[in-house]
Colleague: 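Handing you a structure now.
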There are 2 protein chains.
Amino acid sequence: MDLRRLRYFVAVAEARSIGKAAERLRMAQPPLSVQIRKLEAEIGAPLFRRGTRGMDLTEAGQALLARASEALALAVDGAEAARAVAAGKRGRLSVGYMFVLANAMLPRLIPELRRSVPGVDLEFAELSASTREARLLDRSVTVALCMPAINHPEIQVARIGAQPFMLAMPIRSPLARLVAVPMERLQGRPLIALPPPEQDPASSAVAAMLRRHQIVMPIASRVETVHSAMSLVLAGEGFAIVPACAKLGAPRGIVFRPLRDAADSIDIAVCWRRDSQSPLISRFLKCAEKVVARI
Amino acid sequence: MDLRRLRYFVAVAEARSIGKAAERLRMAQPPLSVQIRKLEAEIGAPLFRRGTRGMDLTEAGQALLARASEALALAVDGAEAARAVAAGKRGRLSVGYMFVLANAMLPRLIPELRRSVPGVDLEFAELSASTREARLLDRSVTVALCMPAINHPEIQVARIGAQPFMLAMPIRSPLARLVAVPMERLQGRPLIALPPPEQDPASSAVAAMLRRHQIVMPIASRVETVHSAMSLVLAGEGFAIVPACAKLGAPRGIVFRPLRDAADSIDIAVCWRRDSQSPLISRFLKCAEKVVARI
DNA sequence: GCCAACCCATACGTTTTCGGTATGCCAATG
DNA sequence: CATTGGCATACCGAAAACGTATGGGTTGGC
């Protein structure tokens, strides 16, 4: 079953003549005649009635024609689809992101992507730090928005921005009256912490900052997500140190204040598999940079 | 776009390895490797990621795989469908018949055909004599049940039976009291005739019979169909001479009597295009013979 | 009624393509 | 460091396809 033979067959069926079809196929008439006979031999039955004025499909030929032209169309469509995917004009772009970035970035990022890569199926998944890494590696996610970047030999990183840390507290906290909170005022205050550094690199950035300023904050609670941290802060359990973008989407009753004298910030990065040569990644990078610049 | 390449591609994609696929395809590994690279060159993009432990589809490759395997299936299905049609296991059998035969034959013929050619689409069309011939010639009808046979160089005929002529008359006609009507009793009686012989060969058979017995019957009316003839007979307009099978489906109030001393009968025949080599025709012939034998 | 035109089929030589064998390269493994 | 496993490259022989030349049958015109 050769696709070329089927193409010839369809051409002859449409032209109702070997000579005419050969002309359209830009080949001589005899080899086309031979190919048609070979196809008939392969099928085991005549596909055409040879009349004195050209060729005419038999019933068997009609049965073949329908499927052959469909198969032909599918083959060229498959090639085109593959080319389109390779060129980034179609395909799937699955984005893993972290919760704190969702409110700040997605509302602008999604329309930006739709404009930049029309025809591409977009997927978004809110994933924890370790899941982001795992799903990048098994390719079930194309790119990840991370804060901070993933550190792994197979994963490539592009820093697209940074977020200063801010102190989150209940509105009736005394510190809330300050425009900016001096670092030393944090000494000894209870901290709502995220999972330990080996599970979440973001909390390691916070810990490093406190250590650098020689501040010790007892850990009042450990929570899984920034969302939970906000709840505990609102309940008066303690303070949280979070990237500035967490402000968006935080519940009423919580205020955020910059940390004075602390130039510390945490990187926002786009991460992807080093061997993933999809052109969608550079498009995504451009969109993400554009969006981050306006945060 | 070669179907063989697509088959190789699908095999490699499924085996996730060139070596394994080559084994399954019963060929050596190097030529398969070459074919895959040629396909990639044709597409213009890599379809596989070459790892140290085999091959893995790229996104472009996945896009191609879906269509390629469909195209492959369609191609083999097309070949099988063509073979099935050629073998008479599938296809279309369109039967043209004449009105007078419908009641006598179709109720038995249709189930017989369904048993004999399961999987074949059956079509039935009640057609006048000239239309039967035309539609056989343009192949919109595969076979025709005729009475008498069609006479045409392109059309082949198989006689499957015969019908004696009978006299149709109103039940209160004096002749109705006879078990069989002697031919001479028809002399001078009004005849309800079908279209003239050049349009309907059946009426020519009736005319020939009357001529042979030297009977003259004035034509009271000419009608298009046997159905109309029955109406006029019922109305007392005259007598009709029809094949015995017209008895079935005739309205109440009409009686049929054999013509004594007249061995005349009219052939029932199956007709088809001489160049139509469909195996369905011989199957149809067998069924029709079986049914006619039981009329 | 014969000749020209049309169309498909066959024959043969040339070229392209494909498949097999031998071998190389690279990475992972012990 | 050697071995194994897997893909890529090189080269050769075989098969398939294409083109040119030609035959044979039917149609239609002079």
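Proteins get letters first, then strands, A, B, ... in listed order; numbering begins at 1 in each.
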Colleague: Keeping to residues at least two apart or across chains, list the ring pair (Phe, Tyr, Trp, His ring centres under 6.0 Å) pairs with something in residues 64-89 of chain B.
Modeller: none
Colleague: Could you tell me from which nucleotide to which nucleotide of DNA chain D, 5' to 3', there is an atom under 4.0 Å from chain B heavy atoms?
Modeller: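 Under 4.0 Å from chain B, the extent on DNA chain D is D:dG5 to D:dT9.
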Colleague: Donor-acceptor pairs under 3.5 Å, side chain of residues 144-154 of chain B to any protein atom, not counting sequence neighbours: which ones?
Modeller:
from	atom 1	to	atom 2	distance (Å)
B:His152	ND1	B:Glu154	N	3.0
B:Glu154	OE1	B:Arg273	NH2	3.4

Colleague: Can you tell me how far apart NZ (A:Lys290) and CD1 (A:Ile160) are? Round to the nearest 0.5 Å.
Modeller: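 Taking NZ in A:Lys290 and CD1 in A:Ile160, the distance rounds to 13.5 Å.
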Colleague: Could you list by number each residue of residues 48-62 of chain A showing a heavy-atom separation from DNA chain C of less than 4.0 Å, or answer none if no residue does?
Modeller: A:Arg50, A:Arg53, A:Gly54, A:Met55
Colleague: Working to the nearest 0.5 angstrom, can you tell me the gap between B:Leu106 CG and B:Leu113 CG?
Modeller: 9.5 Å
Colleague: For residues 128-141 of chain A, which side-chain N or O atoms pair as donor and acceptor with protein atoms under 3.5 Å away, sequence neighbours left out?
Modeller:
from	atom 1	to	atom 2	distance (Å)
A:Ser128	OG	A:Thr131	N	3.4
A:Ser128	OG	A:Thr131	OG1	2.7
A:Arg132	NH1	A:Leu127	O	2.8
A:Arg135	NE	A:Ser140	OG	2.8
A:Asp138	OD1	A:Ser140	N	2.8
A:Asp138	OD1	A:Ser140	OG	2.8
A:Arg139	NH1	A:Asp275	OD1	3.2
A:Arg139	NH2	A:Asp275	OD2	3.0

Colleague: Only pairs at least two apart or in different chains count here, so list each salt bridge (Lys or Arg N to Asp or Glu O under 4.0 Å) that has a residue in residues 276-286 of chain B.
Modeller: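 Residue pairs with at least one partner in residues 276-286 of chain B: there are none.
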Colleague: Please set out all donor-acceptor pairs under 3.5 angstrom arising from side-chain atoms of residues 85-93 of chain B, sequence neighbours excluded.
Modeller:
from	atom 1	to	atom 2	distance (Å)
B:Arg92	NH1	B:Glu123	OE1	3.1

Colleague: Output the distance between atom CG (A:Leu57) and atom CZ (A:Arg16), rounded to the nearest 0.5 Å.
Modeller: 7.5 Å
Colleague: Step by step, work out the side-chain contact (heavy atoms from CB on, under 4.5 Å) result for B:Arg4 and A:Met1.
Modeller: CA-CA 8 Å; B:Arg4 167 176 16 193; A:Met1 254 299 133; over 6 Å; no
Colleague: Could you pull out the protein-nucleic contacts involving nucleotides 11-16 of chain C (nitrogen or oxygen on both sides, under 3.5 Å)?
Modeller:
none

Colleague: Using whole Å, report how far CG of A:Leu32 lies from P of C:dT10.
Modeller: 14 Å
Colleague: Hey, does A:Gln29 reach any base, or is it just sugar-phosphate, or nothing, if we go heavy atoms under 4.0 Å?
Modeller: base
Colleague: Rounded at 0.5 Å granularity, tell me how far NZ in B:Lys20 sits from CE in B:Met55.
Modeller: 12.5 Å
Colleague: List the residues meeting ring-ring contact (aromatic ring centres under 6.0 Å, His included) with A:Phe9, not counting sequence neighbours, and say none if there are none.
Modeller: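 Partners of A:Phe9 under the ring-ring contact (aromatic ring centres under 6.0 Å, His included) test: A:Phe48.
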Colleague: List in numerical order all residues of residues 4-22 of chain A for which some heavy atom is under 4.0 Å away from an atom belonging to DNA chain C.
Modeller: A:Ser17, A:Ile18, A:Gly19, A:Lys20
Colleague: Pairs in or reaching into residues 75-87 of chain B: which pass salt bridge (Lys or Arg N to Asp or Glu O under 4.0 Å), with residues at least two apart or in two chains?
Modeller: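 Sorted pair list: A:Arg67-B:Asp77.
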Colleague: Let me know the distance between CD of A:Glu23 and P of C:dC6, rounded to the nearest Å.
Modeller: 12 Å
Colleague: Name all residues meeting the ring-ring contact (aromatic ring centres under 6.0 Å, His included) criterion together with A:Tyr8; count only those two or more places apart in sequence or in a different chain, and write none if there are none.
Modeller: none
Colleague: What is the distance, rounded to the nearest whole Å, between atom NZ of A:Lys38 and atom P of C:dA9?
Modeller: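 Going from A:Lys38 (NZ) to C:dA9 (P), I get 14 Å.
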